[in-house]
A.B. asks: 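Can you read through this structure? Questions will come right after.
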2 protein chains.
Amino acid sequence: METALDRALRVFRERGYHATSIGDLTAAMRLATGSVYKAFADKHAVFMAAFERYTALRQEQTRNAAARGENGRERLRQVLLSYVEHSQGIEGRRGCLVVGSAVELSAVDPVVAARVSAQLKTNESFIAGLIREGQADGSIPGHVEVDATARLMICITQGLRVVGKARLPLDGDRLVAIAMKLLA
Amino acid sequence: METALDRALRVFRERGYHATSIGDLTAAMRLATGSVYKAFADKHAVFMAAFERYTALRQEQTRNAAARGENGRERLRQVLLSYVEHSQGIEGRRGCLVVGSAVELSAVDPVVAARVSAQLKTNESFIAGLIREGQADGSIPGHVEVDATARLMICITQGLRVVGKARLPLDGDRLVAIAMKLLA
DNA sequence: CATAATAGGGAACAATCGTTTCCGAATAAA
DNA sequence: TTTATTCGGAAACGATTGTTCCCTATTATG
């Protein structure tokens, strides 16, 4: 059973912050405006709650994907495959709230800008951790520059979401196979 | 001397479509609303004109960057360096109108969605062309999968713009050196 | 049973939006 | 010189926005 916030999250993912009206939110959440304002201070607060909900969900999904690998390299490969999977089809077209927020709000909303920046760093730390794990277990060579490679992989993941939102097809197996060259 | 459309473009890049009001546009363009509506049918038409202006500028910049290389591989390296350069500092924070439009408008504006998709494919074809050129002149190995690598590189370029907009620092030399592993 | 609290709803409100209309000044043409 | 056209401007307009206020129904409490 989906909560009202989950439904709000879906609208924000698809349309972004500014193109989503209170009317859109109340329709999606199946609540009246008075009820929304009893639960949340304002529209921005609904958005921030949706953002936190989204990042919690996605981090869990990413951890689950990593858990499918048996060494650092394989965990990272599963994470990348998971990103491609979430970047295409209906899920891909809905979009990523982190990417959407970075692009739409970074310049005009310091609160969101700070939150987005922190989230990208968290995701990057996770990937850097997998690279280090791979170097420790021998599945990734020691000469791979951890931080810069993690930064580049974050660029790939965010770019996947943009390209997926623009509806260009993404062949996960091929793209990830090539991306793994970065760990050579 | 900057034209009114160039100034409108700057506002759209930074704030996007929905967060830019007609008042923002008239202030930036230094024209009154009546003048804007004499020159353009509506707000959407201003946006489309700005989008065309932007893609023309960026394509020229990318061609100029490629021209700095002497073989396919080196041209591609210069293109990637150029993307990183445009993804950081003030220029990076302003944002990319293609990425912005993909994320903000793909779901709600079929005209923009089609235009964004076409532009990404154009950029990708350009990169694929450089890879093929590199394979022809021997600077890139023949086993590199052209289409999938070009698609992945498009993801990198769009991701760079997102990460740059979110103000994470990007070290062009290091990132591009690692990205070139994709051509090994 | 009466009162208070809670929950959900929707209209009212002031502000802002995008677009249209109309004005005045300057320039061109007859 | 008069009239028409062009140009730039800004207010008016209807619609939509986000938020506040107040209503009704239900449930809890004394």
Side-chain angles (χ1 to χ4, degrees), chain A residues 1-54 95 97 100-101 103-113 115, chain B residues 1-54 95 97 100-101 103-113 115:
Chain A
M1 210 290 260
E2 227 179 8
T3 68
L5 189 63
D6 288 330
R7 291 194 287 270
L9 168 55
R10 183 172 298 187
V11 176
F12 278 133
R13 280 177 64 190
E14 178 160 318
R15 307 174 64 94
Y17 181 77
H18 290 111
T20 300
S21 68
I22 296 296
D24 295 326
L25 287 177
T26 54
M29 295 169 91
R30 294 183 205 146
L31 293 168
T33 53
S35 304
V36 173
Y37 279 89
K38 282 195 177 121
F40 300 95
D42 53 17
K43 182 186 174 187
H44 192 271
V46 185
F47 184 83
M48 293 313 298
F51 189 95
E52 295 309 320
R53 175 79 175 136
Y54 179 77
L97 200 56
S101 304
V103 169
E104 188 192 4
L105 301 170
S106 280
V108 297
D109 188 324
V111 169
V112 170
R115 192 60 196 87
Chain B
M1 212 292 259
E2 225 179 8
T3 68
L5 188 62
D6 287 331
R7 292 194 286 271
L9 169 54
R10 184 172 298 188
V11 177
F12 278 132
R13 280 178 63 191
E14 179 161 317
R15 308 175 62 96
Y17 181 78
H18 290 110
T20 300
S21 67
I22 296 294
D24 294 325
L25 287 177
T26 54
M29 295 169 90
R30 295 183 204 145
L31 293 169
T33 54
S35 304
V36 173
Y37 279 90
K38 279 188 179 133
F40 299 95
D42 53 17
K43 182 185 173 187
H44 191 271
V46 184
F47 184 82
M48 292 313 299
F51 189 94
E52 296 309 321
R53 175 78 177 136
Y54 179 77
L97 200 56
S101 303
V103 169
E104 188 192 5
L105 301 169
S106 281
V108 296
D109 188 324
V111 169
V112 171
R115 192 59 196 89

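Quick note on labels: first sequence line is chain A, next is B, and so on, each numbered from 1.
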A.B. asks: What is the separation between atom CD1 on A:Ile22 and atom P on D:dA15, rounded to the nearest whole Å?
C.D. replies: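 Rounded to the whole Å, the gap is 21 Å.
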A.B. asks: Closest heavy-atom contact between B:Leu31 and B:Ala4?
C.D. replies: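 Residues B:Leu31 and B:Ala4, closest heavy atoms: CD1-CB, 4.1 Å.
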A.B. asks: For DNA chain C, determine which residues of residues 11-20 of chain B have any heavy atom closer than 4.0 angstrom to one of its atoms, and list them numerically.
C.D. replies: B:Thr20
A.B. asks: With sequence neighbours excluded, give me every salt bridge (charged side-chain N to carboxylate O under 4.0 Å, His left out) pair touching residues 33-50 of chain B.
C.D. replies: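 For residues 33-50 of chain B, and leaving out neighbouring residues, there are no salt bridge (charged side-chain N to carboxylate O under 4.0 Å, His left out) pairs at all.
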A.B. asks: When rounded to the nearest 0.5 angstrom, what distance separates NE2 in B:His18 from OG1 in B:Thr20?
C.D. replies: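 Separation between the atoms: 10.0 Å.
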A.B. asks: Just how far, in rounded Å, is P of D:dC21 from NZ of A:Lys38?
C.D. replies: 12 Å
A.B. asks: What's the NZ-P distance between A:Lys43 and D:dG18, to the nearest Å?
C.D. replies: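 Taking atom P of D:dG18 as the reference, NZ of A:Lys43 is at 4 Å.
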A.B. asks: So how far is it from A:Glu52 CD to A:Leu9 CG, rounded to the nearest 0.5 Å?
C.D. replies: 11.5 Å
A.B. asks: Relative to the 5' end of DNA chain C, which residue comes earlier, A:Leu31 or B:His44, by the nucleotide with the nearest heavy atom?
C.D. replies: A:Leu31
A.B. asks: What is the nucleic acid contact for B:Ser21, judged by heavy atoms within less than 4.0 Å: base, sugar-phosphate only, or nothing?
C.D. replies: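 Sugar-phosphate, backbone atoms only, no base.
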A.B. asks: Taking CG from B:Leu25 and C1' from C:dC17, how many angstroms apart are they, rounded to a whole number?
C.D. replies: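 Rounding to the nearest Å, CG of B:Leu25 and C1' of C:dC17 are 12 Å apart.
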A.B. asks: Going from CG on A:Asp109 to CD on A:Glu104, what distance comes out if it is rounded to the nearest 0.5 angstrom?
C.D. replies: 9.5 Å
A.B. asks: Quick check on D:dC7: is either OP1 or OP2 less than 4.0 Å from any side-chain nitrogen or oxygen of B:Ser35?
C.D. replies: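 No, because none of the side-chain N or O atoms of B:Ser35 sits under 4.0 Å from OP1 or OP2 of D:dC7.
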A.B. asks: Looking only at atom types and distance, does a side-chain atom of A:Arg13 sit under 3.5 Å from a main-chain N or O of A:Leu97, one as donor and one as acceptor?
C.D. replies: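 The answer is no, because no donor-acceptor pair under 3.5 Å joins these two groups.
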A.B. asks: Provide the closest heavy-atom pair for A:Ala41 versus A:Ala45 in the form atom of the first, atom of the second, distance.
C.D. replies: N-CB, 3.9 Å
A.B. asks: In this structure, how many angstroms lie between the P atom of D:dG18 and the CZ atom of A:Phe47, rounded?
C.D. replies: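 Result: 13 Å.
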A.B. asks: Where the side chain of B:Asp42 is concerned, which of C:dG9, D:dT19, C:dT19 is the nearest nucleotide?
C.D. replies: C:dT19
A.B. asks: Roughly, in whole Å, what's the span from CG in B:Asp24 to C1' in C:dC17?
C.D. replies: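 My rounded result for the distance is 11 Å.
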A.B. asks: Could you state the atom-to-atom distance from OH of A:Tyr37 to C1' of C:dG10 in whole Å?
C.D. replies: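 Distance check: A:Tyr37 OH to C:dG10 C1' gives 14 Å.
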